[in-house]
Amino acid sequence: MTTSGRVPAVGGTRTVPAPDPIARDYLLLALRLDQHIPGLVDGYFGPADLKASVDMAQLRAPARLRADAAALRDRLPAEVVEPDRRAWLDLQLVALETQAAALAGDHLPYLEHVTRCFAYAPQRIPDARFEAAAATIDALLPGDGPLADRLTAWDARFVVEVDRLPAVVEWLVDRFRATAATTFGLPDGEDLRISLVTGQPWRAHNWFDGGRRSRVDVNTDLPVQAPDLIVLVAQEAYPGHHLERAWKEAELVDRMGRLEASILIINTPECLISEGLADVGVPFAAPAADGVDLLVEIFERAGLPIATDPAAARDAAAVAVALDEPRQVLGSIGGNAAILRHADGRSHEEVLAYLVEIGRDSPGAAAKRLEFIEHPLWRTYVFVYAEGEALLRRWLEAVPEGERAARFGRLFREQLTPPSVRVPD
């Protein structure tokens, strides 16, 4: 039943504030573009009638959608008085206009396309940085044979059996939720559930359904190691994607009536902020000082053989904590690989070899990473992880340590953009 100033939301059990004309046309534009680019809309929990009208109508041509985006941008100065909202919408619309233009046949060079999508220019990382990270790992994992083989052997010691994953993940979710409640607060009624899936190009994904509820899918195509679970749960649940989206629904949509926040759109500036938030939020859930103790408990709960020897488990956990930073550096090689593939025109085989030789990926991990890089939707998205983390880490580190939790909390409640959080070099 519609209440005063509110309309039914998708799903039929909730209502949301009625959108103003700008938000209404923004939502329609994104939903129409998603019909041409399946998966572009990562989540929608806004007015049900808008979704129904798009579903029932004929496809709108990409050239028309490009014109719609440009016209909507032109309306912003007259119709949106709040500077932060106006700037956020403008950059989102640049991204949507860029993607509609590509659909219409007006393709930009790869890196220019990426820059317009994220309002941020990705940078190629010097290979020397990866080599330095590899040297650090080499010192932590001494032995014979290629480093990639040693990493594979190391990781095999900490694989969590699939039937053990749900219980361990649920325990971490509860732990990190309690920490987030103390540090940032939780919106009323928030909740999430965890599922195991296969056949996806990503490691894990948060699907936000509205009503403060999320579904987190964990992909088991590749083995899941115990140390990875800390990052996975912090990024996808607390204080990462789930908490971000639940708070934005509560604050931006329900309290402020900014209905443009009731849709989540891939390959737009909001993604750079969201993925950066997920990465820099990990230490708030699991401070480095607690890393060894936390890993030892995960070993025990996962039933890993090493857990039967407390001293060996503690030594292994200490090495795993030390490996985390250089492995993150190696993990950021995805952006370079995407540039090689899509900007430099290197072949699939050449980029696969690069990921194995420079990134020290196993062949299986390299193939999975390249699957993501070559996916029509994710080929653009690949930059948001390392670039978003670097952008927001500099922004957080620009204030004293005691003020960083409060600054991080702004990401839950404000329409921040990459330019608005950029710290000058």
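None of the values given here were measured: they were computed from a predicted structure.
- Contact check on R73 versus D90 returns a salt bridge, with a Lys/Arg side-chain nitrogen under 4.0 Å from an Asp/Glu carboxylate oxygen.
- Ring pair W207/H205 is tilted by interplanar angle, where 30° to 60° counts as tilted.
- Checking Q415 against E260 by side-chain atom types alone, a donor-acceptor pair falls below 3.5 Å.
- Looking at Q99 and L40, their side chains come closer than 4.5 Å, going by heavy atoms from C-beta outward.
- Sparse packing is recorded around CD of E161, with 12 or fewer heavy atoms of other residues, nucleotides or ligands lying under 6.0 Å away.
- Between R212 and D191, no side-chain nitrogen of the basic residue sits less than 4.0 Å from a carboxylate oxygen of the acidic one, so the salt-bridge criterion is not met.
- A heavy-atom distance below 4.5 Å is found between the side chains of L259 and P47.
- Here the side chain of W154 pairs no donor or acceptor atom with the backbone of D149 at under 3.5 angstrom.
- Of the inter-residue distances, the one linking E131 atom CD with I358 atom CD1 reads 4.5 Å to the nearest 0.5 angstrom.
- Distance alone, capped at 3.5 Å, places no donor-acceptor pair between the S420 side chain and the L416 backbone.
- Taking the six-membered ring where tryptophan is involved, the planes of Y385 and F372 are tilted, since the angle between them lies from 30° to 60°.
- Ring pair F158/F299: centre-to-centre distance below 6.0 Å.
- One distance of note links CD1 of I265 with CG of L27; it measures 8.0 Å at 0.5 Å rounding.
- Counting only N and O atoms by type, the side chains of R245 and N206 include a donor and acceptor under 3.5 Å apart.
- For F208 and F45, the gap between ring centers is short of 6.0 Å.
- Remark: E397 CD is packed, more than 12 non-hydrogen atoms of other residues, nucleotides or ligands lying under 6.0 Å away.
- Of the candidates L65, L72, T268, N267, L96 forms a side chain to side chain contact (heavy atoms under 4.5 Å, CB included) with just one, namely T268.
- Ion pairing between R14 and E249 holds under the 4.0 Å rule for side-chain N and carboxylate O.
- Proximity of a side-chain donor or acceptor of Q92 to a complementary backbone N or O of E270 within less than 3.5 Å is detected.
- Proximity of a side-chain donor or acceptor of R341 to a complementary backbone N or O of R346 within less than 3.5 Å is detected.
- Under 3.5 Å, the side chains of H241 and S274 contain a donor-acceptor pair of N or O atoms.
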Begin with the C-alpha distance, continue with both residues' side-chain angles, and end with the deciding distance and a verdict on side-chain contact (heavy atoms from CB on, under 4.5 Å) for E387 and Y120.
CA-CA 9 Å; E387 296 284 357; Y120 188 86; 3.0 Å; yes

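- Going from atom CZ of R314 over to atom CG of D293 covers 4.5 Å, rounded to the nearest 0.5 Å.
- Side-chain contact check for R150 and T152: no donor-acceptor pair (N or O, by modelled atom type) lies under 3.5 Å.
- The structure places CD of Q225 at 11.5 Å from CG of L232, a figure rounded to the nearest 0.5 Å.
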As a quick check of understanding, evaluate ring pair (Phe, Tyr, Trp, His ring centres under 6.0 Å) for F184 and F284, giving each step before the final call.
CA-CA 10 Å; F184 306 111; F284 290 110; 5.5 Å; yes

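- Side-chain atoms of H342 come within 3.5 Å of backbone atoms of I373 as a donor-acceptor pair (strictly under, hydrogens ignored).
- Annotation: R407, atom CZ; neighbour count of heavy atoms from other residues, nucleotides and ligands within 6.0 Å is above 12.
- At least one side-chain heavy atom of P239 sits under 4.5 Å from a side-chain heavy atom of F408.
- Under the side chain to side chain contact (heavy atoms under 4.5 Å, CB included) criterion, A366 pairs with L352, L355, V356, D361, sequence neighbours left out.
- One finds no salt bridge joining E112 and R116 here, because no Lys/Arg side-chain nitrogen approaches an Asp/Glu carboxylate oxygen to under 4.0 Å.
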Assess whether salt bridge (charged side-chain N to carboxylate O under 4.0 Å, His left out) is satisfied between R175 and D290, documenting all intermediate values.
CA-CA 13 Å; R175 178 186 176 116; D290 299 339; 5.1 Å; no

Kindly determine whether Y354 and D127 satisfy side chain to side chain donor-acceptor pair (under 3.5 Å), including the steps that lead there.
CA-CA 10 Å; Y354 175 78; D127 283 354; 2.6 Å; yes

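- Using a 4.5 Å heavy-atom threshold, the side chains of V321 and L295 count as touching.
- With hydrogens and angles ignored, the 3.5 Å screen pairs a side-chain donor or acceptor of Q123 with a backbone N or O of A121.
- Scanning for side chain to side chain contact (heavy atoms under 4.5 Å, CB included) contacts around V197 gives Q200, W202, D217, N219, with sequence neighbours left out.
- Salt-bridge formation is detected for the pair R124/D344: a Lys NZ or Arg NE/NH1/NH2 atom is positioned less than 4.0 Å from an Asp or Glu carboxylate oxygen.
- Atom NZ of K51 sits in a sparse spot, with 12 or fewer heavy atoms from other residues, nucleotides or ligands closer than 6.0 Å.
- The closest side-chain heavy-atom distance from W247 to L252 is not below 4.5 Å.
- Closest of all the heavy-atom pairs between H36 and R32 is CD2-O, 3.6 Å.
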Could you walk me through whether I194 and V233 pass the side-chain contact (heavy atoms from CB on, under 4.5 Å) check?
CA-CA 10 Å; I194 306 291; V233 172; over 6 Å; no

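- Scanning for side chain to side chain contact (heavy atoms under 4.5 Å, CB included) contacts around D20 gives I22, A23, R85, with sequence neighbours left out.
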Could you walk me through whether D155 and R327 pass the salt bridge (charged side-chain N to carboxylate O under 4.0 Å, His left out) test, one step at a time?
CA-CA 12 Å; D155 288 341; R327 295 197 78 168; 2.7 Å; yes

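- Side chains of E190 and Y238: a donor on one and an acceptor on the other come within 3.5 Å.
- Between R75 and D25, at least one side-chain nitrogen of the basic residue sits less than 4.0 Å from a carboxylate oxygen of the acidic one, meeting the salt-bridge criterion.
- Taking OH from Y44 and OG from S262, the interatomic distance works out to 5.0 Å, rounded to the nearest 0.5 Å.
- No donor-acceptor pair closer than 3.5 Å links the side chain of E297 to the backbone N or O of V292.
- Under a 3.5 Å cut-off, the side chain of D106 and the backbone N or O of A101 do not form any donor-acceptor pair.
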Stepwise side-chain contact (heavy atoms from CB on, under 4.5 Å) test for L229 and L172
CA-CA 8 Å; L229 289 176; L172 278 172; 3.8 Å; yes

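- Atom OG1 of T98 is separated from atom CZ of R66 by 8.5 Å, given to the nearest 0.5 angstrom.
- A cation-pi contact, defined as under 6.0 Å to the ring centre and within 45° of the axis, is absent between R422 and W395.
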Derivation of the side-chain contact (heavy atoms from CB on, under 4.5 Å) call for R213 and L192
CA-CA 5 Å; R213 301 186 309 275; L192 63 81; over 6 Å; no

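- The closest donor-acceptor contact from the side chain of D138 to the backbone of L147 lies at 3.5 Å or more, if one exists at all.
- Counting non-hydrogen atoms of neighbouring residues, nucleotides and ligands closer than 6.0 angstrom, the CZ atom of R129 reaches no more than 12 such neighbours.
- Panel note: side chain R86, backbone V80; a donor-acceptor pair is recorded below 3.5 Å.
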